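Single-structure report; data block below.
Heavy atoms only: backbone and side chains are in, while hydrogens, waters and symmetry mates are out. Given the structure is predicted, the values throughout are model-derived calculations rather than measurements.
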Amino acid sequence: QVQLVESGGGLAQAGGSLRLFCAASGSIFSIMGWYRQAPGKQRELVARITSLGGTNYADSVKGRFTISRDNAKNTVYLQMNSLKPEDTAVYYCRGERARNGYWGEGTQVTVSS
């Protein structure tokens, strides 16, 4: 069974930092990404990274967030700096390989003003 497990969420103050972790099972994913969803809103892409390290980011997080991965550990990270209250959401890890995509269960990130 494919499994993605997020960790590292929690409470931070505006301007602070958090680092999210996603540990995946099985072979590596071609693309891994972080998405987030606030109550009443659509789930949105935050950042994604290919197996070779190519990245892209949502405009709202460019310059503040950095996605990275360790293929040997099958783990993806999201370093979040200069956090804003509007970053508050459940953050989900996603892995894609072959023609299949998989979601983690999410980790809560709350940023206080």
Side-chain angles (χ1 to χ4, degrees):
Q1 293 284 348
V2 173
Q3 188 175 32
L4 299 97
V5 180
E6 302 100 331
S7 62
L11 178 65
Q13 294 184 346
S17 297
L18 287 172
R19 194 181 192 202
L20 304 184
F21 305 78
C22 175
S25 64
S27 59
I28 66 169
F29 292 89
S30 297
I31 300 171
M32 298 191 76
W34 288 97
Y35 295 71
R36 66 188 182 188
Q37 187 169 22
K41 295 186 177 180
Q42 294 288 320
R43 189 172 298 184
E44 65 176 357
L45 174 70
V46 176
R48 50 194 273 153
I49 185 168
T50 72
S51 61
L52 297 180
T55 61
N56 58 67
Y57 298 88
D59 288 341
S60 60
V61 307
K62 286 181 179 177
R64 300 189 298 120
F65 291 8
T66 302
I67 189 170
S68 60
R69 65 189 292 171
D70 184 336
N71 290 337
K73 297 180 179 179
N74 207 4
T75 301
V76 64
Y77 311 89
L78 185 68
Q79 179 67 46
M80 304 185 293
N81 297 327
S82 302
L83 285 164
K84 303 175 180 180
E86 49 263 47
D87 295 320
T88 296
V90 177
Y91 283 69
Y92 296 90
C93 180
R94 178 172 173 84
E96 299 175 5
R97 64 185 174 212
R99 299 205 299 173
N100 299 313
Y102 306 89
W103 292 102
E105 292 187 355
T107 185
Q108 177 71 48
V109 171
T110 302
V111 184
S112 62
S113 60

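Using a 4.5 Å heavy-atom threshold, the side chains of S51 and R69 count as touching. Residues Y91 and E6 form no side-chain contact, since every pair of their non-hydrogen atoms from C-beta on lies 4.5 Å or further apart. Proximity of W34 to C93: side-chain heavy atoms (C-beta onward) are separated by under 4.5 Å at one or more points. Contact of the L20 side chain with the V109 side chain is registered, since non-hydrogen atoms from C-beta on lie closer than 4.5 Å. Considering only heavy atoms from C-beta on, Y35 comes within 4.5 Å of R48 through its side chain.
Minimum heavy-atom separation, Y57 to I67: OH-N, 3.0 Å. N74 and G26 make their closest contact through ND2-O, 2.8 Å (heavy atoms, listed as atom of the first residue, atom of the second, distance). Contact detail for F29 and A24: the closest heavy-atom pair is CE1-CB, 3.5 Å. Nearest heavy atoms, R36 versus A89: CB-CB, 3.8 Å. Residues S68 and V76 come closest through the heavy atom pair O-CG2, 3.1 Å. Across all non-hydrogen atoms, the minimal contact from S17 to N81 is OG-OD1, 2.8 Å.
In terms of the side-chain contact (heavy atoms from CB on, under 4.5 Å) criterion, residue partners of K41 (sequence neighbours excluded) are, by chain and number, A38. Scored by the side-chain contact (heavy atoms from CB on, under 4.5 Å) test, A58 finds S60, V61 as partners (sequence neighbours excluded).
Other cluster members for Y77: F21, joined by side-chain heavy-atom distances under 4.5 Å among Ile, Leu, Val, Met, Phe, Trp and Tyr.
Put simply, the side chain of T88 gets close to the backbone of V111: a donor and an acceptor are under 3.5 Å apart.
At a threshold of 4.5 Å between side-chain heavy atoms, the hydrophobic network of Ile, Leu, Val, Met, Phe, Trp and Tyr places V90 and F65 in two separate groups.
A distance of 12.0 Å separates OG1 in T55 from CD1 in I31, rounded to the nearest 0.5 Å. With values rounded to the nearest 0.5 angstrom, M32 atom CE is found 9.5 Å from I49 atom CD1. Of the inter-residue distances, the one linking T50 atom OG1 with E96 atom CD reads 11.5 Å to the nearest 0.5 angstrom. Put simply, OG1 on T107 and CG on L18 are 9.0 Å apart, with the number rounded to the nearest 0.5 Å.
Shown here is Q13, whose CD atom has no more than 12 heavy atoms of other residues, nucleotides or ligands within 6.0 Å. Within 6.0 Å of CD in E86 there are more than 12 heavy atoms belonging to other residues, nucleotides or ligands.
Applying the side-chain contact (heavy atoms from CB on, under 4.5 Å) test between R64 and each of K84, Q79, M80 identifies K84 as the sole match.
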Residue pair L45, N56: steps toward the side-chain contact (heavy atoms from CB on, under 4.5 Å) verdict: CA-CA 10 Å; L45 174 70; N56 58 67; 3.7 Å; yes

